[in-house]
Participant: 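Sharing a structure here in structure tokens format.
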There are 2 protein chains.
Amino acid sequence: MIENEDLCQVKFVNQSTVGRLRKSLKDPQTIERLAEIFGVLADPTRLKICIFLSQAELCVCDLAAMLNISESAISHQLRLLRSLRLVKFRRDGKMAFYALDDAHVTALIKQGMEHAEERAK
Amino acid sequence: MIENEDLCQVKFVNQSTVGRLRKSLKDPQTIERLAEIFGVLADPTRLKICIFLSQAELCVCDLAAMLNISESAISHQLRLLRSLRLVKFRRDGKMAFYALDDAHVTALIKQGMEHAEERAK
DNA sequence: ATAACATATGAGCAGATGTTCATACGTTGA
DNA sequence: TCAACGTATGAACATCTGCTCATATGTTAT
């Protein structure tokens, strides 16, 4: 018996299953990045921003108006999205236009929507 | 000009686009639920729990051992997953066996993994 | 130049979140 | 009946998070 200290004494789930699953888990960095992406979409404000930016290129003040939130708050969120390279942006004079730059995010939102819509809760 | 107070004066994005996007946004409850699911997967511990439970039925102590975390912490997280009806569980004597009970979550993890794995960052 | 404007950013704050610790509950075997 | 065990849960705590407010930066028009 190896590495068995923490496993409960009565074992129904066979040990090989536990060992197999343990090994199949991706490395910590990948898990971290995965959690990170989900974290981006876990905030309603940021989620809405991503939804909008997946459909059109928009400026900060448009987003602020659409979400009924301060431009500062939007700018902070966009800064986060920029740091994760999830959006691309383009300056045109005073304005800054943002758009989503990660197809996976769009796919995640679409996928998640199926879950969200089928729940009356 | 209707509902134009907050939109910036210089408009390049035409107003109809903003209006159209605004209307296309799902209702607040759906957005909330969507953000909620992503929130579940936004924590590394909970994410790993979901990954494991999508592959096998496991008890609390197995999860605790696999994730190298206290059984209490696992139990708290499982409580959350239960409240969101994302897991089903079955008692057998002293043990409690959990398994994932939402196919969408599995799909989300799979989808997200594609994003996470293609980033060296 | 300077005023108005769109955006960016740092500090600070309130609320949310995840873990630990102590303890309780229900089951099993002696 | 009682001790050991697996699990559950409430409270407390430290950390994280998202917003606001004040202020800064860069651009445009006068």
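Just so we're on the same page: letters track the sequence lines, and every chain starts at 1.
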Participant: Distance check needed: C/dA8 P versus A/Arg90 CZ, whole Å only.
Facilitator: 13 Å
Participant: Taking 5.5 Å and 30° as the limits, would you call A/His76 and the base of C/dT9 a stacked pair?
Facilitator: yes
Participant: Test the B/Arg91-B/Phe97 pair against the cation-pi criterion, namely NZ or CZ under 6.0 angstrom from the six-membered ring centroid and within 45° of the ring axis.
Facilitator: no
Participant: Whole-Å distance between C/dG29 C1' and B/Met95 CE?
Facilitator: 16 Å
Participant: Check every atom of C/dA8, D/dG6, D/dC19 against the side chain of A/Tyr98 and return the nucleotide holding the closest atom.
Facilitator: C/dA8
Participant: Please report, rounded to the nearest Å, how far the P atom of C/dG26 is from the CG atom of B/Asp92.
Facilitator: 18 Å
Participant: I need the CG-P distance between A/Leu58 and C/dA6, as an integer number of Å.
Facilitator: 16 Å
Participant: Kindly give the atom pairs (protein nitrogen or oxygen, nucleotide nitrogen or oxygen) under 3.5 Å for nucleotides 14-18 of chain D.
Facilitator:
{"residue": "D/dG18", "atom": "OP1", "partner": "A/Arg46", "partner atom": "NH1", "Å": "3.3"}
{"residue": "D/dG18", "atom": "OP1", "partner": "A/Arg46", "partner atom": "NH2", "Å": "2.8"}
{"residue": "D/dG18", "atom": "OP2", "partner": "A/Arg46", "partner atom": "NH1", "Å": "2.9"}

Participant: To the nearest Å, give me how far apart CG (A/Leu63) and C1' (C/dA6) are.
Facilitator: 13 Å
Participant: Figure out the CD/P separation between B/Glu71 and C/dC21, and round it to whole Å.
Facilitator: 14 Å
Participant: With a 4.0 Å cutoff (strictly under), does any side-chain N or O of A/Arg82 reach OP1 or OP2 of C/dT9?
Facilitator: yes
Participant: State which of D/dG10, C/dT9, D/dT28 makes the closest approach to the side chain of B/Ser72.
Facilitator: D/dG10
Participant: Look only at the side chain of A/Arg90 and the backbone of A/Glu57, and say whether a donor-acceptor pair between them is shorter than 3.5 Å.
Facilitator: no
Participant: Between A/Arg46 (side chain only) and A/Gly39 (backbone N and O only), is there a donor and an acceptor less than 3.5 Å apart?
Facilitator: yes
Participant: Quick check on DNA chain D: between A/Gly93 and B/Ala73, whose nearest nucleotide comes earlier from the 5' end?
Facilitator: B/Ala73
Participant: Quick one: salt bridge (charged side-chain N to carboxylate O under 4.0 Å, His left out) pairs with a partner in residues 99-108 of chain B, sequence neighbours left out?
Facilitator: A/Arg119-B/Asp102
Participant: Does a side-chain N or O from B/Ser70 land closer than 4.0 Å to OP1 or OP2 of C/dT20, or not?
Facilitator: yes
Participant: Which of these nucleotides, C/dT7, C/dC5, D/dA8, is closest to any side-chain atom of A/Lys94?
Facilitator: C/dC5
Participant: Expressed as a whole number of angstroms, how long is the span from A/Arg91:CZ to C/dA8:P?
Facilitator: 6 Å
Participant: Check the distance between C/dC21's P and B/Ile74's CD1 and give it to me in whole angstrom.
Facilitator: 16 Å
Participant: Mind telling me whether B/His104 and A/His115 have parallel, tilted or perpendicular rings, with 30° and 60° as the class edges?
Facilitator: perpendicular
Participant: For the side chain of A/Arg79, starting at C-beta, report the closest nucleotide among D/dT20, C/dT9, D/dG10.
Facilitator: C/dT9
Participant: Might you point out which heavy atoms bring B/Met113 and A/Thr30 nearest each other, and give the distance in Å?
Facilitator: SD-CG2, 4.0 Å
Participant: Applying side-chain contact (heavy atoms from CB on, under 4.5 Å) between B/Tyr98 and each of B/Leu81, B/Leu53, B/Leu58, B/Ile49, report the one that passes.
Facilitator: B/Leu53
